[in-house]
Amino acid sequence: MNLRMDFNVKRLAADAGTLFSRAVQFTEEKFGQAEKTELDAHLDNLLTRAESSKHWTEKILKQTEVLLQPNPNVRIEEFLYEKLDKKVPTRMNNHELLGQSMIDSGNEFGPGTAYGNALIKCGETEKQIGGAEREFIQSSAINFLTPFRNFLEGDFKTILKERKLLQNKRLDLDAAKTKLKKAKMADARALAEQDLKLTQSEFDRQAEITRLLLEGISSTHAHHLHCLNDFVEAQMTYYAQCYQYMVDLQKQLGSFPSAFSSNNNQSTASAAASVSVPILGSRKARVLYDYDAAGSNELSLLADEVIMVSSVPGMDSDWLMGERGNQKGKVPITYLELLN
């Protein structure tokens, strides 16, 4: 027990002596009172490149996080959940919120009206875009953000640790050199030379370890290049999906009656007047675009089919009674083209 205590005391004393000599060496270097061993140019360039890689990786990571989640409060919340190792609660994104509002308002105005139906179709598309955005964010987080974070929190921290050890070994080496210069007696010089040889060996070994780690930055860049390609592909897929969703939506809206088209040259009032002319008896009508019945008293329609329609006393002027064989139900007049 006493031997172990003596060993620990001697070890603590030796460590304290080493720390003191490093502090003295560092201070004298700062005041220009001691020589400093310079790293070779190759190692120095590797250290500079590592610092540059760390700086730009942090910057790209931060800006990508802002791109994927512009709301800083949500970013902080997600960061805290991640640190607590808890699942982030699912929330609707802005496209999905807009889409739901459009769908709700469309149902309120009535899916049988052109405006209500258009709102519902737009809302469904916005929710599709929201889903595509969610997939894009998840893909980018896994294939782009995570590798960048792993470098900063893993590989680069190891580099920092070894670089600090190299700095300490360099201070030990220069302190040994100074000690040798100050040694006057033969015995003191012999001990100083032995110490210098040992510290030189430890410094060279640590320099080699640090160099190998720093040269691994090239592999990191190659890996990040692959991650960058994945990120670009994810963006391409996301924007292509959004474009296709909007093209499909535009086609659906383009099939609406001209009174509700973006290229309409007539006023809504005059168009409404033209379709509200009383229908005497039954006549044929061509369906302009699909319509899903909202209730049992309505008739579902398929684009381009021809049905029989008639007016019913007391029925809303926006609706007609439609017949297809034995099927019968209300149909929105704005979905129809009356035939002669």
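Values below: every heavy atom of this structure, side chains too, minus hydrogens, waters and symmetry copies.
Every pair passing side-chain hydrogen bond (donor to acceptor under 3.5 Å, both in side chains) that includes a residue from residues 183-201 is listed here, sequence neighbours excluded: Q200-D204.
The backbone N or O of A285 lies less than 3.5 Å from no partner atom in the side chain of E337, so there is not a single donor-acceptor pair. N45 places a side-chain N or O within donor-acceptor distance of the main-chain N or O of A41, the cut-off being under 3.5 Å. Proximity of a side-chain donor or acceptor of S52 to a complementary backbone N or O of T48 within less than 3.5 Å is not detected. Judged by distance alone, the side chain of N117 and the main-chain N or O of T113 form no donor-acceptor pair under 3.5 Å. In this structure a side-chain-to-backbone donor-acceptor pair under 3.5 Å is missing from S282 to M308. Between the side chain of Q244 and the main chain of Q241, no donor-acceptor pair closer than 3.5 Å is present. Without hydrogens or angle criteria, S105 side chain to M102 main chain gives a donor-acceptor distance under 3.5 Å. A side-chain donor-acceptor contact under 3.5 Å links R324 to the backbone of S300. A donor-acceptor contact shorter than 3.5 Å is absent between the side chain of N143 and the backbone of C227.
In this structure, CG on L228 lies 6.5 Å from CZ on F148, to the nearest 0.5 angstrom. Expressed to the nearest 0.5 Å, how far CD of E65 lies from CD1 of I60 amounts to 12.5 Å. With rounding to the nearest 0.5 angstrom, the CD atom of Q69 is 13.5 Å from the OG1 atom of T64.
The pair K330-E298 fails the salt-bridge criterion, with no side-chain N (NZ, NE, NH1 or NH2) lying under 4.0 Å from an Asp/Glu carboxylate O. A salt bridge links K169 to E202: one of the charged nitrogens lies within less than 4.0 Å of a carboxylate oxygen. Between R205 and E208 there is no salt bridge, since no side-chain nitrogen of the basic residue lies less than 4.0 Å from a carboxylate oxygen of the acidic one. Between E305 and R286 no salt bridge is recorded (no basic side-chain N to carboxylate O distance below 4.0 Å). With respect to K62 and E58, no salt bridge is recorded, no charged nitrogen being found less than 4.0 Å from a carboxylate O.
In the hydrophobic clustering of ILVMFWY residues, with side-chain heavy atoms under 4.5 Å counting as a link, L68 and I129 come out together.
Side-chain contact of N229 with E233: a donor-acceptor pair under 3.5 Å is absent, judged by distance alone.
The aromatic rings of Y335 and Y289 sit tilted, their planes meeting at an angle between 30° and 60°. Taking the six-membered ring for Trp and thresholds of 30 and 60 degrees, F136 and Y239 have ring planes inclined between 30 and 60 degrees apart.
Across L43, L171, I209, a single residue satisfies side chain to side chain contact (heavy atoms under 4.5 Å, CB included) together with L166, and that is L43.
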